[in-house]
Number of protein chains: 2
Amino acid sequence: MGALRLPALTSIFTSSSSVRSSPAIFPLKHRLRLPLRRPFSAQSTTEKVVAPELGDGKGKVVDKDKDRVITPRSQDFNAWYLDVIANAELADYGPVRGTMVIRPYGYAIWEAIQEYMNVKFKETGHSNMYFPQFIPYSFIEKEASHVEGFSPELALVTVGGGKELEEKLVVRPTSETIVNHMFTQWIHSYRDLPLMINQWANVTRWEMRTKPFIRTLEFLWQEGHTAHATAEEAEEEAMQMIDVYTKFAYEQAAIPVIAGRKSRVETFAGASTTYTIEAMMGDRKALQAGTSHNLGQNFSRAFGTQFTDENGQRQHVWQTSWAISTRFVGGIIMTHGDDAGLLLPPRLAPVQVVIVPIWKKDNEKAGVLTASSSVKETLQAAGIKVKIDDSDQRTPGWKFNYYEMKGVPLRIEIGPRDVSSGTLVISRRDIPGKQGKVFGISMEPSTLVAYVKDKLNEVQSSLLERATTFRDSNIVDVSSYDELKEAIAQGKWARGPWSAGDEEESKVKEETGATIRCFPFEQPEGPKKCLMTGNSADEVAIFAKSY
Amino acid sequence: MGALRLPALTSIFTSSSSVRSSPAIFPLKHRLRLPLRRPFSAQSTTEKVVAPELGDGKGKVVDKDKDRVITPRSQDFNAWYLDVIANAELADYGPVRGTMVIRPYGYAIWEAIQEYMNVKFKETGHSNMYFPQFIPYSFIEKEASHVEGFSPELALVTVGGGKELEEKLVVRPTSETIVNHMFTQWIHSYRDLPLMINQWANVTRWEMRTKPFIRTLEFLWQEGHTAHATAEEAEEEAMQMIDVYTKFAYEQAAIPVIAGRKSRVETFAGASTTYTIEAMMGDRKALQAGTSHNLGQNFSRAFGTQFTDENGQRQHVWQTSWAISTRFVGGIIMTHGDDAGLLLPPRLAPVQVVIVPIWKKDNEKAGVLTASSSVKETLQAAGIKVKIDDSDQRTPGWKFNYYEMKGVPLRIEIGPRDVSSGTLVISRRDIPGKQGKVFGISMEPSTLVAYVKDKLNEVQSSLLERATTFRDSNIVDVSSYDELKEAIAQGKWARGPWSAGDEEESKVKEETGATIRCFPFEQPEGPKKCLMTGNSADEVAIFAKSY
């Protein structure tokens, strides 16, 4: 608990990068050689540590400056993931086990998510606000299944201002309890409903097995909370918000999630129904990327959140809550990334276009830099997020690799010949080598802006298309438990009719490691028989191993 | 500690408002009648509780619907402040003593501050990121004056995931320690400098005397942290950021702060120099509204944050940190508010213009509402934050009072006669009654937009002007301790030459309750003699009682 890496030791070995300038020189991998506890779990990589100066002869991407190394994705997905996070400077380990420092490049992706969501939340009638993060322990105990679900994961404040507290305080793992406490004070009559709010906040869950972005002791999220006069309105709201998340995943993150309903076993502690979006990662494991809960009257009954209806009757409100978190950043990395590193969907990329000026002779430099700046200004004025790297400490080749590794969707190259011809070269990150490279694009502002916007849209669409193809080729329709087991053993998702009970669901988990990810909203027509029991079934479920 | 208000009792008496609809029906004041501990300190108000239905006969603003009451500002500033916060629905008390729920209207002011600041921070070369909030206790102990300053105020997590932790964790009161821990891993050579980052976060300080926005157990802020290669650069950065804050205060918040240097006694725990902006509230107490610290090498020496300079020598970095918090919202309330309630500077107002349609007969309604909507769309399209209140549950008079109380800078009235003449009526919040009301403004879009923008600018300027006049008429130049005591006794600020020691400074505090707020950057010319010792003095200091 609270184990630390000693700064005196680690500082010798860890990343030397800065926020503003050069890329990581010593990747995270180095740290594994230290006889220190690895803060995040990375079971599969702890043995195969190599000195990147030498390479490991297994096809690792080693830059010619020999200062970066990323394990090939196909070789070890988990090691690849951690390498990408370290090298692209998305995050770093915090001093307390399981905590994470979100570095500027990773945080900028989160900011892009926030920016989009904030607009959608307001459009759908929600207001932002802020609740305290300290919750009296007694609150957590009020809703029976909620306390059962969360009590093993709580961080407790027991001392404040030098004194033992009379009642220990929970550092919020989620805010349904304190929200209901306040709702009881704000809601009196049907005229106060619906009450629809959202907060952006940090939350704490004492997880034992952690992984950057995917599962950390503290993470950032938004949590929406609403109260309604009727069950129907709450259901509508829960569905509306899972729909907002689904659209975000498809249109912004280029992640073809499958939206559906959780099984009873997998439902949020305290909810009546949980809706989810499930994403297939590059290793074909499922990631629960967002959830929307219809809470029914569970919390309003526990907290006495009542209103007087139009007939003067006291009623308990019907509620929802819904959240997405910094976990989504992990989902983006694991959906689109490849052996070269990160690959960001243009709509969420902190840098959409990087300009690399190229010159050999000193008398070429000024012209190239002037043209590059002018292109930068043109693109910036058109609302494109563009960066120019004119440092002369690195070669153009090094820069190409670096921004590919950072997942920048488009690269513009401008050399002396381009300057004289008034053209430039554009390379797409998602199509490697010459195939993704187009020469002779005009620098003329309106032509260039239209071309770049077009290309950004193409990259965005192609990422979604590629991920959709990958997803669909890895979902197997099964009609028996044997087929399910085979699909899971192959690392795929299994989709089959299901009407069996909680016990059979647990059996599948025990025997295959897979859980029901969801009953997808999109269902095949026609009569179905449960793959486990042979009884008639109303729905198919999707089974998969998951993060 | 952790004392709770019982929901079963308080819910009967507290606010009935919702985020979306009607205003508070039972103001905060009601709660004072309960035999429960008041979470925030409000010494002066606890006795004089009245039922607002009856009024208290002392000039309180009681709406004709008899559901709101605000203590006159001149009568009891503190009670007025709490009334405004409750009635304007800016914030509410959290269940844990000293915590605050920031409600949507209050949070929107904070969002406006964030929006402005984020642009300025990025313009000045900073990147946003996020550090974990749990800090190993041993970190806090590393910098001697830092631990001395903060240890009485710490909240400690001692239990995680059901187990006692080996090392207790501090819930961040500020992040210099964990920032330095990470900086040691990111900074290696002079090429990694300057490193300039910012985070938006919650922080916790176990304060005993709390007050909404001004001093709460948990609050929201931004904290900037930078590391530089030279002392000069750090000093320049610290000055640059206090300048950013100063401009923000003047230009956005219309608060004429006085910027300057803190005395040694008042310097931040761990800083070499603290710069501050000091604002005069409506009760003439000073509010420290933002600080920027030159940390020197204090933290870099404690944490070993070193870099290799251009000559290959290892050096400790020079650092700064700077912050503004949700306290600023309190400063805005207490600077501009008046007996009618809140008064918001247009540039930070969540609603800049409210449109109140007025009709008597049913056949007038449609025309008035159509015209109102069209005016709303015109203003919205011009980037003006506009709201229309067309509910028919409240009278126009009620709405006028309500939006005045909410501090909306401009009100537009549209009645049947206005519709036929194609004109409308505009009232300024800062000029009460007929004097602030202009009839017959054309609805023609370009005329109207220009007029409204003009009026918003006028309100903005007039608030700053008024606050500046108030400030200047309440600062007394003093040349002796007796004069200082007299000025403070009159509730004013005293400005006088000071070169005495820490001990004399403490004596002033003990005897008058006033502290040195700052040595202002703007100094009078000519020779000066210390008001306390008569020795020669380089600077004048400002003394005042403060929040």
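Letters A, B, ... are given to chains in the order of the sequence lines, protein chains preceding strands, and every chain is numbered from 1. Basis for what follows: all heavy atoms, side chains included, without hydrogens, waters or symmetry-related copies.
Side-chain contact between Ile197(B) and Tyr107(A): absent, with no pair of heavy atoms (C-beta onward) separated by less than 4.5 Å.
Taking both residues in full, the closest heavy atoms of Gly94(A) and Pro132(B) are given as CA-CG, 4.2 Å, listed atom of the first, atom of the second, then distance. In plain terms, the two heavy atoms of Trp206(A) and Gly161(B) that are nearest each other are CG-N, 3.3 Å. Considering every non-hydrogen atom in both Ile102(B) and Met129(A), the closest pair reads O-CB, 3.1 Å.
In this structure, Gln380(A) places its CD atom where more than 12 heavy-atom neighbours from other residues, nucleotides or ligands lie under 6.0 Å away. At most 12 heavy atoms of other shown residues, nucleotides or ligands fall within 6.0 angstrom of atom CD in Glu115(A). Few gaps surround CD on Glu141(A); more than 12 heavy atoms of other groups in view lie less than 6.0 Å from it.
Atom CG in Asn128(B) sits 4.5 Å away from atom CD in Glu111(A) (nearest 0.5 Å). Distance CG/Asp92(A) to CE/Met182(B): 4.0 Å, rounded to 0.5 Å. The CG atom of Leu156(A) sits 9.5 Å away from atom CD of Glu164(B), with the distance rounded to the nearest 0.5 Å. Of the inter-residue distances, the one linking Phe134(A) atom CZ with Leu217(B) atom CG reads 6.5 Å to the nearest 0.5 angstrom. Rounded to the nearest 0.5 Å, atoms CZ (Phe131(B)) and CE (Met100(A)) are 12.5 Å apart.
In this structure, the portion of Ile178(B) lying under 4.5 Å from any heavy atom of chain A is its side chain and not its backbone. Heavy atoms of Glu207(A) lying under 4.5 Å from chain B are absent altogether. Both the backbone and the side chain of Gln133(B) have a heavy atom closer than 4.5 Å to some heavy atom of chain A.
Between chain B and the residues Ile135(A), Thr204(A), Thr326(A), the most heavy-atom pairs under 4.5 angstrom are made by Thr204(A). Per-residue counts of heavy-atom pairs under 4.5 Å with chain B were compared for Asn198(A), Leu220(A), Val171(A); the largest is that of Leu220(A).
Between the side chains of Glu218(A) and Tyr130(B), at least one donor-acceptor pair of N or O atoms lies under 3.5 Å.
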